Amino acid sequence: EKGGYDYFMLKEIVEQPRAIADTLLGRLSVGGELTLDEMRLSAQDLRSVEKIVIIACGTSYHAGLIAKYAIEHWCRIPCEVEVASEFRYRDPILDRQTLVIAISQSGESMDTLMAVRYAREQRAKVLAICNVNGSTIPRESDGVLYTHAGPEVGVAATKTFLTQLAACYLIGLYLAQVRGLKFGDEIDAVIAQLATMPEHVEKVLDTVGPVRELARSLSDADTVLFLGRHVGYPVAMEGALKLKELAYMHAEAFAAGELKHGPIALIEEGLPVVVVVPSPQGRSVLHDKIVSNIQEVRARGARTIVIAEEGDESVRPYSDVLIEIPAVPTLLQPIVATVPMQVFACELALAKGNDVDQPRNLAKSVTVE
Ligand code: M6R
């Protein structure tokens, strides 16, 4: 059942192009209108939304952080993202005009479920993004958009994360559509690009070989830092989480702009630093700033592992290892940039002899608060 792989996680990483394609199937129409009929929320419900609050845990929380960038940019609706376990304890401001999006792969995380119940008591509308049909969170929500990743056995979320991203993009584009925001060229281009993401992920999977060698060479490192900006920041957080849970290593992500406010003091000779570089075409200011950050940490002895768009030659002189990913619109980059991080954490954990499907102390779904 592992399809010839030693671990489910390896199989699930490879299944990602199919998982994304299945999640987009029948919902995305290039050059036309999106169809999210089964969502159970009416266009009228969505038109009256004044604020969005996303709640989730772990990897699903990272998907939420990325969704915020997309939703605010495309829909111009204020969007907050919060770790579900913190949500109801701070007396959040919710009302009928608030759309709460609860992201949960399993649909059973108790922290997220409790936050959903709280939000509904406060009269907010709740939309779940979930991978398990008929699980508790979608049953208790007003609407649901299912991801079609298929069963994920490995404790570490991989294909479900990429499909959560696809679902978040669909919701953002759909909201823009039902609210009558003019579909400008940018939105049309994004829809067309979203449809091609399965191929792009396939390409990344075909080219990650060097990541495996790199990971094996770093199995003695004590700590790995991850840097990103914009949507690359939550991607860096996801890379660090994967390394913690699979390789039991200290890993931490920073927004690259925060480096100079403290974390740069951590940099020392040989410290591996993984950097997610924004596209030079998209937000070029951010691109140039992060290139300076790479230079700064390298000048202090860091070993730089750089994930950048193919053809971005500006980073090559400062990269000890350069991992190229396909050029896609900035907001969609997390789909391709996450994949080398998953492979990196998985291979590093395997090099340490860890069971990547069943890491110590963890359960696939956390049904206690
Ligand atoms: O099933 P959920 O999406 O609600 O689970 C949330 C987290 O427990 C989960 O993403 C966890 O962080 C994963 N093990 C990460 O790989």
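Both counts, for ligands and for their atoms, begin at 1 and track the order of listing. These numbers come from a predicted model, not from an experiment.
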>> Applying a heavy-atom cut-off of 4.0 Å, say which part of Glu245 lies close to ligand 1: side chain, backbone, both or neither.
In response: side chain
> For Ala56, does its backbone N or O pair with a side-chain atom of Thr112 as donor and acceptor, under 3.5 Å?
Replying inline: no
> Does ligand 1 have any atom sitting under 4.0 Å from a heavy atom of Lys242?
Replying inline: yes
> Does even one non-hydrogen atom of Ala156 get within less than 4.0 Å of ligand 1?
Replying inline: yes
>> So for ligand 1, is Ala157 a polar contact partner (N or O within less than 3.5 Å, distance only)?
In response: yes
> Crowded around Arg47 CZ? As in, over 12 foreign heavy atoms under 6.0 Å?
Replying inline: yes
> Can an N or O of Thr112 be found at a distance shorter than 3.5 Å from an N or O of ligand 1?
Replying inline: no
>> Any nitrogen or oxygen of Ser106 lying under 3.5 Å from a nitrogen or oxygen in ligand 1? Just yes or no.
In response: yes
> Which heavy atom of Glu108 sits nearest a heavy atom of Thr136, and at what distance?
Replying inline: OE1-OG1, 2.6 Å
> Purely on distance, is any nitrogen or oxygen of Leu241 under 3.5 Å from one on ligand 1?
Replying inline: no
>> Below the 3.5 angstrom mark, is there an N/O of Ser104, backbone or side chain, next to an N/O of ligand 1?
In response: yes
> Based purely on interatomic distance, does Ser109 place a nitrogen or oxygen under 3.5 Å from a nitrogen or oxygen of ligand 1?
Replying inline: yes
>> Would you say CG of Leu362 has more than 12 non-hydrogen atoms from neighbouring residues, nucleotides or ligands within 6.0 angstrom?
In response: yes
Cut-off 3.5 Å, no hydrogens considered: what does the side-chain donor-acceptor table look like for residues 241-258, sequence neighbours left out?
{"unit_1": "Lys242", "atom_1": "NZ", "unit_2": "Thr59", "atom_2": "OG1", "d": "3.1"}
{"unit_1": "Lys242", "atom_1": "NZ", "unit_2": "Ala157", "atom_2": "O", "d": "2.8"}
{"unit_1": "Lys242", "atom_1": "NZ", "unit_2": "Glu238", "atom_2": "OE2", "d": "2.6"}
{"unit_1": "Lys244", "atom_1": "NZ", "unit_2": "Ala251", "atom_2": "O", "d": "3.4"}
{"unit_1": "Tyr248", "atom_1": "OH", "unit_2": "Arg360", "atom_2": "N", "d": "2.9"}
{"unit_1": "His250", "atom_1": "ND1", "unit_2": "Thr223", "atom_2": "OG1", "d": "2.4"}
{"unit_1": "His250", "atom_1": "NE2", "unit_2": "Glu252", "atom_2": "OE1", "d": "3.4"}

Please list every donor-acceptor pair under 3.5 Å in which a side-chain atom of residues 65-74 meets a protein atom from a residue at least two apart or in another chain.
{"unit_1": "Lys68", "atom_1": "NZ", "unit_2": "Glu72", "atom_2": "OE2", "d": "3.4"}
{"unit_1": "Lys68", "atom_1": "NZ", "unit_2": "Cys79", "atom_2": "O", "d": "2.7"}
{"unit_1": "Tyr69", "atom_1": "OH", "unit_2": "His230", "atom_2": "O", "d": "3.4"}
{"unit_1": "Glu72", "atom_1": "OE2", "unit_2": "Cys79", "atom_2": "N", "d": "2.6"}
{"unit_1": "His73", "atom_1": "NE2", "unit_2": "Glu186", "atom_2": "OE1", "d": "3.2"}
{"unit_1": "His73", "atom_1": "NE2", "unit_2": "Glu186", "atom_2": "OE2", "d": "3.0"}

